[in-house]
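Numbering of ligands and ligand atoms starts at 1, following listing order.
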Amino acid sequence: MNSMQVIIDPFSGPCPGVQRALRMVERELDDYGHAVALGQVIHNAVEINRLQAKGLVTVDQADAPSPIGDTVREQRVFVRSHGISDVYRRSLQKNHVTLVDGTCPTVAAIQKKIRRYDAEGFQILIVGKKGHPEVVGLAGCGGREAMVLQDEADVEQLDANGSYYLAAQTTISPEVFSRIIELVKERVKDVVIDDTTCRHVTRRHEKIRNFARQVDVLLLVGGKNSSNTAVLYRVAHAVNPQTIWIESVSELSPEMFSAASIIGITGSASTPMGQLEDVKKVVETNMTIEQEK
Ligand code: SF4
């Protein structure tokens with residue numbers, strides 16, 4: 001008989017920006033007994049439920065500025081790691097909102113560069129997913145709205161004689177970024193290309209690839225609304241087709257592991273280590289099928 005081995009990816013756990021945001025929210029909850037956040041602090045339903053039980057209220061970031069609802073007006077309001085646009089920030093401040101700014105320092109640095117290049121007259125380009133909160137925030141920094149390049153059709157809209165500064169959504173995959181910048185370089189001459197993808201995220205790609213190769217089945221734990229989890233899923237699945245993306249332990253079933261000797265558990269930039277430990281416990285206690293050698 002041969003029993004399964006269950007291992008947690010040693011390089012998993014939330015990224016520094018999300019860890020920082022969570023620490024700030026926990027401090028708000030400890031100090032005030034409640035906290036209002038603009039949009040989900042972390043793309044992870046289990047963690048959101050835990051914070052809600054401690055007093056966290058999440059308001060829709062898109063709806064808050066116009067008109068400013070009573071939940072937000074004159075309140076302390078938490079800005080998550082994705083950051084917000086300058087227009088939005090001013091609108092909140094005009095309504096006497098005290099911002100508790102959890103914008104990831106990496107994102108804040110990109111926003112600063114965008115303002116500088118915008119002031120110098122460059123049209124700002126963001127390679128990223130349209131509507132993603134970080135992209136919306138980046139696109140709204142500086143005086144003029146940035147253009148978001150999600151695919152080839154967007155690149156075709158560029159004026160060949162324009163002057164551009166191009167940055168990236170921090171969690172965009174390196175492959176997508178490379179493909180878009182090649183197209184941009186073919187189309188325009190005057191473009192400053194700034195690879196602003198998050199180093200933490202890009203390093204994770206190589207690490208998750210290595211981990212995925214070492215296991216028979218890989219469980220990737222992360223929110224179904226998390227861009228970062230979606231990218232990590234594609235990266236891991238490309239080297240190990242037995243990669244399964246789950247949001248919670250309720251999605252597990254013994255059949256997933258019927259042919260597995262080594263099961264790996266990993267998470268995205270928004271998956272706390274505690275959740276990976278919980279998944280490990282459930283797999284070890286409820287999912288293990290003794291296998292014939
Ligand atoms: S992925 Fe990178 S840029 Fe985004 S919040 Fe985490 S550390 Fe910051």
task: Report, in ascending order of atom number, the atoms of ligand 1 lying under 4.0 Å from any heavy atom of Val201.
output: 1 (S)

message: Is there a side-chain contact between Leu166 and Phe177 in this structure, where contact means two heavy atoms from C-beta onward sitting under 4.5 Å apart?
response: yes

- request: For Cys15, take its heavy atoms, then give the atoms of ligand 1 lying under 4.0 Å from any of them.
  value: 1 (S), 5 (S), 6 (Fe), 7 (S)

message: Tell me which one of Leu220, Thr266, Thr243 satisfies side-chain contact (heavy atoms from CB on, under 4.5 Å) with Leu232.
response: Leu220

query: When the ring planes of Tyr233 and Trp245 are compared, do they come out parallel, tilted or perpendicular, using 30° and 60° as the limits?
result: tilted

query: Hey, is atom 2 (Fe) of ligand 1 within less than 2.8 Å of some N/O/S atom on Cys198?
result: yes

- request: Pull out every atom of ligand 1 sitting under 4.0 Å from any heavy atom of Cys104, numbered as shown with elements.
  value: 3 (S), 5 (S), 7 (S), 8 (Fe)

message: Need the ligand 1 atom indices (1-based, order shown) with element for anything under 4.0 Å from a heavy-atom of Thr170.
response: 3 (S), 4 (Fe)

task: Return the residue, atom name and 0.1 Å-rounded distance of the protein heavy atom closest to atom 7 (S) of ligand 1.
output: Gly17 N, 3.5 Å

- prompt: Less than 4.5 Å apart, any side-chain heavy atom of Ile7 and any of Lys280?
  reply: no

field: Glu175 with Arg234: basic N within carboxylate O range, under 4.0 Å
entry: no

